[in-house]
Amino acid sequence: MRIREIMQSDPSDQAITAQGWVKTKRDSKNVCFLEVSDGSSMKGLQIIIDKSSDISEESLALAATGAAVSCEGILVDSPAKGQKVEMQATALTIVGTVPAEDYPLQKKRHSFEFLREIAHLRPRTNTFGAVARVRNAMSTAIHGFFQERGFLYVHTPIITGSDTEGAGQMFQVTTLDLDNIPKTEEGKTDYSGDFFGKQTHMTVSGQLQVENYCCALGDVYTFGPTFRAENSNTTRHLAEFWMIEPEMAFCELEGNMELAEDFIKYILNYVLEHCSEDMDFFNQWVLKGVKDTLQSVVDTPFKHMTYTDAVAELEKVNDKFDFKVSWGCDLQTEHERYLTEELCQGPVIVTDYPKEIKAFYMKMNEDGKTVRAMDVLVPRLGEIIGGSQREEDFDKLKARIDEMGMDESEYWWYLDLRRFGTVPHSGFGLGFERLIQYVTGLGNIRDVIPFPRTVKTIDF
RNA sequence: UCCCCUGUAGCUCAGUCGGUAGAGCAGGUGGCUGUUAACCACCCUGUCGGCAGUUCGAGUCUGUCCGGGGGAGCCA
């Protein structure tokens with residue numbers, strides 16, 4: 001039985017077994033207290049070992065912080081504060097010992113920086129156990145949200161043959177011998193002998209591919225790993241991260257915004273309901289008030305404004321900003337946070353951005369200057385979702401590709417969607433780890449993924 | 001990639017004006033009638049990130065390299 005289950009059980013005369021790792025031991029003359037955790041819950045099970053029992057001094061001595069133990073006993077009402085039930089032990093087996101002086105995890109708070117250096121052990125700590133459980137719950141909630149609404153989960157490829165998906169630097173994938181790179185007559189790398197016969201990369205987005213399934217099956221979504229080779233060292237960037245990208249057919253920007261709002265609220269509400277113990281922990285130790293923030297997002301209708309209106313509001317208070325705002329400029333984090341935190345005091349969706357600062361595939365408005373883009377901004381983080389209605393007109397999309405100097409032949413299949421039964425469709429993208437950061441309050445994205453991959457860091 | 005901060009015991013950190021290092025926790029030993037990051041006493045713990053320089057003397061000042069953190073850009 002898992003410890004979470006044991007701790008929710010009623011006392012009984014029946015002997016049960018608890019297995020896990022010793023979190024802490026409190027020893028006194030006649031009795032010893034072990035707190036044992038198996039990761040199924042924040043708090044561990046308190047195990048009482050009477051010194052007059054058959055349990056030997058030797059095994060008790062080995063039950064140090066970090067040791068793996070299997071403990072048999074009966075569950076009784078706890079006479080002390082702190083837990084409902086506890087285990088009165090009748091037998092203690094040391095499954096795996098730990099050399100006490102070497103074990104890096106102590107009965108105290110460690111810095112996140114230190115724990116990153118021992119990423120193989122950090123899931124045993126309160127914080128990282130809680131992050132793992134919340135991450136799991138959020139994954140479940142994501143699938144639950146889309147499946148309840150009839151969306152199909154589509155697995156888009158990890159390896160891609162197009163070298164410009166329009167979103168940052170890509171990792172190259174090759175089986176060529178890098179110590180002896182074949183060259184063409186012009187002196188460039190000859191990819192004809194490479195595995196795929198051409199230059200290939202890791203995907204930076206599944207959107208272009210998922211649009212194809214959208215234009216056949218209707219409402220679809222992807223949820224999978226994504227790779228960016230940007231040389232960026234920040235608390236919000238990973239080289240390998242997970243992304244959620246829904247796409248809806250026969251759907252314009254309005255339906256897209258509705259889905260985004262419902263999605264955020266569904267996920268936050270799910271975590272508040274299903275991970276209350278972990279959320280209490282984050283609320284107390286990581287970011288005070290995070291629970292109230294999430295609850296208020298769930299309870300508040302999102303506000304809406306166009307980019308043009310947003311810029312007009314920002315220009316009124318331009319002296320507040322390091323970067324001055326004017327129509328046509330990209331909104332900086334400081335601007336986004338002013339809009340959501342001060343002007344709207346809650347989530348806001350900004351729409352209809354200038355075409356110059358958005359991707360080629362976004363649908364052009366009547367004015368010929370702006371596109372049907374939407375960014376969902378939330379307090380504390382700024383942009384959490386970016387999406388758009390897609391350009392479904394063949395000529396307009398082709399013109400845009402040419403205008404931006406992109407290679408049309410790379411997108412022949414994407415353009416075909418607009419030739420064969422084109423349809424208005426819309427979708428958005430959302431970085432999973434950033435959503436976890438938002439939910440848990442953790443400041444560094446490296447602490448919400450089990451094994452972070454960042455520039456110059458690929459340990460574990 | 002740029003800017004700022006930082007590196008001292010296993011961990012978290014203090015170290016004044018340049019004079020060869022200290023606290024809490026962890027660990028060890030003993031004690032304690034039920035503890036909750038248990039408590040009390042005693043004991044142990046150092047290539048002060050590396051290299052070079054200034055100086056009679058460098059943890060402390062200078063240069064440089066390496067590691068870590070934060071911010072910016074870019075983005076999710």
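Here the structure is a predicted model, which is why all the values come from computation and not from measurement. Letters A, B, ... are given to chains in the order of the sequence lines, protein chains preceding strands, and every chain is numbered from 1.
- To the nearest angstrom, P of B:U12 lies 13 Å from CZ of A:R109.
- Taking 3.5 Å as the limit, the base of B:C11 and the side chain of A:H110 contain no donor-acceptor pair of atoms between them.
- For the residue pair A:Y307/A:D375, the side-chain donor-acceptor check at 3.5 Å is not satisfied.
- On the P atoms, B:A9 is 36 Å away from B:G34, given to the nearest whole Å.
- In B:U20 the base sits syn relative to the sugar, since the glycosidic angle is no further than 90° from 0.
- Of the side-chain N and O atoms in A:R26, one or more sit less than 4.0 angstrom from OP1 or OP2 of B:A38.
- A:L435 comes within 4.0 angstrom of nothing in the nucleic acid, heavy atoms only.
- Here, B:G63 and B:C56 have their C1' atoms 22 Å apart, quoted to the whole Å.
- The side chain of A:R228 sits closest to B:C75 out of B:C11, B:G68, B:C75.
- A:F223 and A:F432 have their aromatic ring centers within a separation under 6.0 angstrom.
- B:A72 and B:A14: their C1' atoms are spaced 32 Å apart (whole Å).
- Non-hydrogen atoms lying under 4.0 Å from RNA chain B are contributed by nothing in residues 347-358 of chain A.
- Scanning RNA chain B for stems, defined as runs of 3 or more consecutive Watson-Crick or G-U wobble pairs whose donor-acceptor distances all fall under 3.5 Å, gives the following ranges: B:1-7 with B:66-72, B:10-13 with B:22-25, B:27-31 with B:39-43, B:49-53 with B:61-65.
- The environment of A:Q14 atom CD is sparse: at most 12 non-hydrogen atoms of other residues, nucleotides or ligands sit within 6.0 angstrom.
- Residue A:S111 is in sugar-phosphate contact alone, with no base atom involved, counting any heavy-atom pair closer than 4.0 Å across all strands shown.
- One P atom belongs to B:U64, the other to B:C3, and the distance between them is 12 Å to the nearest Å.
- You won't find any donor-acceptor pair under 3.5 Å spanning the side chain of A:E117 and the base of B:G68, going by distance alone.
- A:R236 comes within 4.0 angstrom of a base, heavy atoms only.
- Base engagement by A:S28 is indicated by at least one non-hydrogen atom pair under 4.0 Å involving a base atom.
- Partner of A:F145 under the ring-ring contact (aromatic ring centres under 6.0 Å, His included) criterion, out of A:Y153, A:F263, A:Y221, A:F151: A:F263 alone.
- Taking every side-chain heavy atom of A:N231 into account, B:U1 is the closest of B:A72, B:U1, B:C75.
- Between B:C75 and B:C17, the distance separating the two P atoms is 47 Å to the nearest Å.
- In this structure, the ring of A:H335 has its center less than 6.0 angstrom from the ring center of A:F321.
- Atom CG of A:L105 and atom P of B:C11 are 12 Å apart (whole Å).
- Side-chain atoms of A:Q83 come within donor-acceptor range of the base of B:U36, with a qualifying N/O pair under 3.5 Å.
- At most 12 heavy atoms of other shown residues, nucleotides or ligands fall within 6.0 angstrom of atom NZ in A:K369.
- Across all strands, A:T235 comes closer than 4.0 Å only to sugar-phosphate atoms, never to a base (heavy-atom distances).
- Candidate nucleotides B:U36, B:C11, B:G34 were compared by shortest atom distance to the side chain of A:K43, and B:U36 ranks first.
- A donor atom on one side chain and an acceptor atom on the other are found under 3.5 Å apart for A:E245 and A:S205.
- Between A:L238 and A:S78, the one whose closest nucleotide on RNA chain B sits nearer the 5' end is A:S78.
- Distance from the side chain of A:N30 is smallest to B:U33 among B:G34, B:U33, B:C74.
- Atom C1' of nucleotide B:U35 and atom NZ of A:K51 are separated by 12 Å, given to the nearest angstrom.
- The nearest whole Å value for the distance from the CD atom in A:E86 to the C1' atom in B:U36 is 11 Å.
- With both ends at atom C1', the span from B:A26 to B:G67 equals 24 Å, rounded to whole Å.
- Remark: the A:D352 side chain and the A:N365 side chain contain an N/O donor-acceptor pair separated by less than 3.5 Å.
- Contact annotation for A:Q46: base contact, defined as any heavy-atom pair under 4.0 Å involving a base atom.
- A:E113 contributes no side-chain N or O that forms a donor-acceptor pair with the base of B:G70 under 3.5 Å.
- Taking atom NZ of A:K25 as the reference point, atom P of B:G34 lies 16 Å away to the nearest angstrom.
- Across the protein-nucleic acid pair, A:I47 atom CD1 and B:G34 atom C1' stand 15 Å apart, rounded to whole Å.
- Phosphate proximity of B:A72 to A:T234: absent, as no side-chain N or O sits under 4.0 Å from OP1 or OP2.
- Within 6.0 Å of CD in A:E57 there are 12 or fewer heavy atoms belonging to other residues, nucleotides or ligands.
- With hydrogens and angles left out, the side-chain atoms of A:Q437 and A:R380 include no donor and acceptor closer than 3.5 Å.
- Between A:L377 atom CG and B:C75 atom P there is a gap of 15 Å when expressed in whole angstrom units.
- Counting non-hydrogen atoms under 4.0 angstrom, A:F114 reaches the backbone sugars and phosphates but no base.
- Between the P atom of B:C75 and the CG atom of A:L430 lies a distance of 17 Å, rounded to the nearest Å.
- A salt bridge is absent between A:R337 and A:E383; no separation between the charged side-chain nitrogens and carboxylate oxygens falls under 4.0 Å.
- A side-chain N or O of A:K23 and one of A:N126 form a donor-acceptor pair less than 3.5 Å apart.
- A distance of about 13 Å separates the P atoms of B:G50 and B:G7, rounded to the whole Å.
- In this structure, A:K81 and A:F241 both approach RNA chain B, and ranking their closest nucleotides by distance from the 5' end singles out A:K81.
- Distances from the side chain of A:T24 to the nucleotides B:A38, B:G69, B:G34 place B:A38 closest.
- A:E247 and A:Y213 are not linked by any side-chain donor-acceptor pair at a separation below 3.5 angstrom, with hydrogens and angles left out of the test.
- For A:N444, a side-chain nitrogen or oxygen approaches OP1 or OP2 of B:G70 to under 4.0 Å.
- Among the protein residues, A:P79 comes within range of the nucleic acid bases, having at least one heavy atom under 4.0 Å from a base atom.
- A distance of about 35 Å separates the C1' atoms of B:U8 and B:U35, rounded to the whole Å.
- Listed nucleotides: B:U33, B:C74, B:U1. Nearest to the side chain of A:H237: B:C74.
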